[in-house]
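Scroll down for the structure; my scribbles are underneath it.
Numbering of ligands and ligand atoms starts at 1, following listing order. We count residues from 1, following the sequence as given.
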Amino acid sequence: MTDDPARETFELVPLAGGVYSLRSLANGQTFHPVVGPAAEAMRLHVGGTRLLERANALPPGRGPVIWDVGLGAAANALAAIHALAAGYRRTEDVFLYSHDRSLAALEFALAHAVELDYPRPYEPALRALLDGGETAVSVGCARVHWRVVPGDFAVADDPSPVPPPDAIFYDPYSPTVNPEMWTLELFTALRGRLREDVPCLLTNYTRSTAVRVTLLLAGFHVGVGPSTGEKDETTVASNDPALVERPLSRDWLENKVYASTNAAPLRAGATGGRGPISEGDFARLRGHPQFASPSRSATETP
Ligand SMILES: C[S@@+](CC[C@H](N)C(=O)[O-])C[C@H]1O[C@@H](n2cnc3c(N)ncnc32)[C@H](O)[C@@H]1O
């Protein structure tokens with residue numbers, strides 16, 4: 001066990017259904033623990049961002065931009081490439097930016113490509129990514145330009161060469177393991193990096209009330225994302241309310257958030273642990289445009 005992310009070590013974990021995933025020995029977290037890496041990545045991130053449908057519908061002259069936050073063992077990124085290879089019908093190239101502070105999980109995935117299986121068709125691309133930080137993969141008549149953006153995402157200044165995304169696969173560990181990746185300050189900065197003329201959908205495995213509250217207070221519109229096996233729902237967030245198909249409702253706000261003992265937003269450096277939402281934060285949420293219109297009612301039950 002080490003605190004240095006570059007030296008993080010992993011082990012293979014067999015999951016139900018005969019597939020393998022990997023577990024960090026530093027923090028005990030298993031990547032895509034329920035249905036396995038390829039299936040969860042496809043359902044949660046590729047399906048949740050409606051990547052293919054939206055990529056094919058972009059205006060002429062512009063290809064989709066994907067931010068893969070937490071490259072890890074590349075299951076999410078490869079699921080995107082796999083889906084694009086099967087159904088992307090345009091000639092505009094795709095830009096995939098994989099953010100991570102460590103390539104240790106990618107190295108492990110390459111060393112265990114046979115057991116993990118999903119990396120196998122892409123081993124040369126993964127090797128190029130690991131060795132040189134970038135690669136390109138053909139998808140139909142276009143190419144995916146895939147680049148690693150190294151460093152701590154939580155402290156990175158806006159790296160100007162990275163264009164604003166149409167989709168963000170948000171997949172760091174968890175608020176317990178890396179709280180810096182779940183703060184109001186980080187999500188506010190992330191929201192500020194999106195462009196109003198580039199509608200973006202972010203996907204994450206969580207269904208935590210506190211994380212949803214944090215995203216809302218950061219200025220995102222937030223909704224229910226696809227189920228992933230054992231989890232009946234996940235979370236999507238967007239800068240464009242039209243992209244959120246199942247927005248969290250006023251009912252969710254008034255009942256679930258108000259009643260929860262754990263709905264306070266996650267603020268950097270907060271001490272004293274989690275707790276109920278304050279009156280001030282609750283008032284701010286009530287003023288969020290998502291809850292102003294009763295016509296956009298949600299499907300989620302509290
Ligand atoms: C659960 S894994 C991601 C799994 C990955 N998306 C996949 O498909 O295999 C979490 C990843 O987030 C990265 N990470 C955690 N905190 C980070 C931070 N502050 N900045 C950048 N990357 C971070 C870790 O290094 C790790 O590779």
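In this structure, His32 has a heavy atom closer than 4.0 Å to ligand 1. The closest approach between any non-hydrogen atom of Pro37 and ligand 1 is not below 4.0 Å.
By the 3.5 Å distance cut-off applied to N or O atoms, His99 is not counted among the residues near ligand 1. In terms of N/O distances under 3.5 Å, ligand 1 is approached by Ala75.
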Practice prompt. Test Tyr122 against His82 for side chain to side chain contact (heavy atoms under 4.5 Å, CB included), laying out the working first.
Written response: CA-CA 10 Å; Tyr122 300 101; His82 192 69; 3.5 Å; yes

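Heavy atoms of Leu71 found under 4.0 angstrom from ligand 1 belong exclusively to the backbone. With a 4.0 Å heavy-atom cut-off, ligand 1 is reached by the side chain of Met181 but not by its N, CA, C or O.
Comparing Asp100, Asp68, Leu22, Asn27 against atom 13 (C) of ligand 1, the shortest heavy-atom distance belongs to Asp100. Distances from atom 16 (N) of ligand 1 to the heavy atoms of Asn178, Asn76, Val149, Val155 put Asn178 nearest. Looking at Ala73, Ala26, Ala80 and measuring to atom 9 (O) of ligand 1, the nearest heavy atom belongs to Ala73. With Gly70, Ser24, Pro33, Ala74 as candidates, the residue nearest to atom 5 (C) of ligand 1 on a non-hydrogen basis is Gly70.
Taking a cutoff of 4.0 Å between a charged side-chain nitrogen and a carboxylate oxygen, Arg62 and Asp166 qualify as a salt bridge. Salt-bridge formation is not detected for the pair Glu185/Arg191: no Lys NZ or Arg NE/NH1/NH2 atom is positioned less than 4.0 Å from an Asp or Glu carboxylate oxygen. Looking at Asp251 and Lys256, no side-chain N of the basic residue comes within less than 4.0 Å of a carboxylate O on the acidic one, giving no salt bridge. Using a cut-off of 4.0 Å between Lys/Arg side-chain N and Asp/Glu carboxylate O, Arg50 and Glu53 are scored as salt-bridged. Residues Glu254 and Arg286 are paired through a salt bridge, judged by an N-O separation under 4.0 Å between the basic side chain and the carboxylate.
Of all atoms in ligand 1, numbered sequentially from 1 with element shown, those under 4.0 Å from a heavy atom of Asp152 are 18 (C), 19 (N), 20 (N). Against a heavy-atom cut-off of under 4.0 Å, Pro172 is close to the following atoms of ligand 1: 10 (C), 12 (O). Listed by number with element, the atoms of ligand 1 under 4.0 angstrom from any heavy atom of Phe153 are 18 (C), 20 (N), 21 (C). For ligand 1, the atoms closer than 4.0 angstrom to any heavy atom of Gly151 are 20 (N), 21 (C). Residue Phe31 approaches ligand 1 through these ligand atoms, each under 4.0 Å from one of its heavy atoms: 1 (C), 2 (S), 4 (C), 9 (O).
For Tyr205 and Tyr170, the gap between ring centers reaches or exceeds 6.0 Å.
For atom 3 (C) of ligand 1, the nearest protein heavy atom (residue, atom name, distance) is Asp171 O, 3.2 Å. Scanning the protein heavy atoms around atom 14 (N) of ligand 1, the nearest turns out to be Arg101 NE, 3.9 Å.
By the criterion of side-chain heavy atoms lying less than 4.5 angstrom apart, applied directly or through intervening Ile, Leu, Val, Met, Phe, Trp or Tyr residues, Phe31 is not grouped with Leu15; the two fall into different hydrophobic clusters.
In this structure, Thr214 and Trp182 approach most closely via the heavy-atom pair CG2-O, 3.7 Å.
Classified by interplanar angle (parallel below 30°, tilted 30° to 60°, perpendicular above 60°), the ring pair Phe95/His145 is parallel.
The closest side-chain heavy-atom distance from Pro247 to Gln290 is below 4.5 Å.
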